[in-house]
There are 2 protein chains.
Amino acid sequence: MTKSKTPPKSLSPEKDGDTEQKILDAAHAVFLRQGTAGARMQEIADEAGVNKALLHYYFRSKDRLAEAVFRKVAVQLLPPVAMVLASGMTLEEKVARVVEIELGELSRSPFLPGYLISELNHNPERAHQLVTVVLGERPENLRPKVFEVLRGQIEDAVRAGRMVAIEPEQFVINLISLCIFPFAARPMIKVIAGVDEAGFAVIIARRREELVPFFLRALRP
Amino acid sequence: MTKSKTPPKSLSPEKDGDTEQKILDAAHAVFLRQGTAGARMQEIADEAGVNKALLHYYFRSKDRLAEAVFRKVAVQLLPPVAMVLASGMTLEEKVARVVEIELGELSRSPFLPGYLISELNHNPERAHQLVTVVLGERPENLRPKVFEVLRGQIEDAVRAGRMVAIEPEQFVINLISLCIFPFAARPMIKVIAGVDEAGFAVIIARRREELVPFFLRALRP
DNA sequence: GTCTATATTAGGATAGAC
DNA sequence: GTCTATCCTAATATAGAC
């Protein structure tokens, strides 16, 4: 399905493992650092260790390459969270899992949130791409699922007097805001808190311990 | 101070009010929509209703123009919050004021958070610009102030048994994350929650009521 | 100060040899 | 499949008239 759109593989002298993959990885690195508009095909070629013309051979245009990278990134970030939220775990477990997944993933990919945010802000059409990646080809069927599951769990907890009432949308927005924003705003936070890269890591480590209790306290009645 | 860097004002036929300002406003609009790398000088000229050459006359290069816009944006967004946090208000009042300022400001400038985030992620040098804007020319002197004021207030509240212990940095990060992220991620949220622009406005209106109580609950012991 | 016209480079894309 | 060489448009920037 992703292979079928690339040029026909001939039986010619293939140099090494997979060039297409090397290009995609290089594009991933460069697009995330520079942003899509700021990235240069030449730089991607250099990073991949191949000729510029090859990028076009495999991906036809910068735009298609950007689309491929975006899809890859979206798949990496969102579905894990969506699956947790729609699962049968308790709300407390879900919060803990989401925090764990996000802070872990993003510690390894510092540019990811900033990239995703700029890309979505400047290319409205990417949004539709997103939804199919996260929710499959028929979003209408699956989207309500996540929120309805949450709504049910919240209502039960409220009735049991264990939780204050909250819209499932706000629940999710609050949770992912607290997880993702610090990474998106990392350069700003470093400068405002007056810390370097190591200091930022300390702040995140601290967050790993305290974010879940913080969030759960906010849900108590 | 901002005027002194622009070309010398001659006494020639000045058409209308202030061309420099018109250009800056146009650049503001275009850079925020398109991102700095994606923006085109021609588009800015069109939006300002002047010739492309004039942009260079007033701002010498695209890069300098971008810098001017960035500074303007940073000034608009951060100092109000910094002042509230460093003020003599109670913690509860501060939380309420910050939420009010941010949600109000950002409802009017939807592209602002995304712009700021991409800009900072792709241009590390912008970070230093930020700090001088927010904290003045001698950041070492003022930066601790904000956090020390907060630390004192938090410690008092903790001793009084009114609040759980929390680092002032985490306090601030949590607060601005909850305020800003939903706007930065607006296209994503719209698509995931399955709402249009009006639906998004409803979500924000809801937040305006519930975010402060949510945050304060999280601080209770 | 503002315009028209033009220089100049950068960067995406293709042709064609191997 | 991969390279070299080249094309061509778009985009920043400047010169010079008014």
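Since this is a predicted model, take the numbers as computed values, not measurements. To find a chain, count down the sequence lines: A is the first, B the second, and so on, and within it residues start at 1.
- Side-chain proximity of B:Y58 to D:dT2, C:dT4, C:dG1: nearest is C:dG1.
- Minimum atom distance to the side chain of A:Y57 is reached by D:dT2, of the listed D:dT12, D:dT2, C:dG1.
- Between the side chain of A:K52 and the base of C:dG11, no donor-acceptor pair under 3.5 Å is found.
- Separation of atoms NE2 (A:H122) and OG1 (B:T36) is listed at 7.5 Å; rounding is to 0.5 Å.
- The closest side-chain heavy-atom distance from A:F181 to B:L178 is not below 4.5 Å.
- Here the nucleotide nearest the side chain of A:K62, chosen from D:dT12, C:dT2, C:dG12, is C:dG12.
- Heavy atoms of B:A37 sit nowhere under 4.0 angstrom from any nucleic acid atom.
- Closest to the side chain of A:L54, out of D:dA13, C:dA13, D:dC3, is D:dC3.
- Cation-pi geometry between B:R126 and B:F70 is satisfied (NZ or CZ under 6.0 Å from the ring centre, within 45° of the ring normal).
- Here the side chain of B:R40 is nearest to one of C:dT2, D:dC3, D:dT12, namely D:dT12.
- Ranked by how close their nearest DNA chain C nucleotide is to the 5' end, A:M41 and B:G49 are led by B:G49.
- B:N51 places its CG atom 15 Å from the P atom of D:dA13, with the value rounded to the nearest Å.
- Put simply, CD1 on B:I173 and CD1 on A:I203 are 4.5 Å apart, with the number rounded to the nearest 0.5 Å.
- Remark: C1' of D:dA11 and CG of B:D46 are 13 Å apart, rounded to the nearest angstrom.
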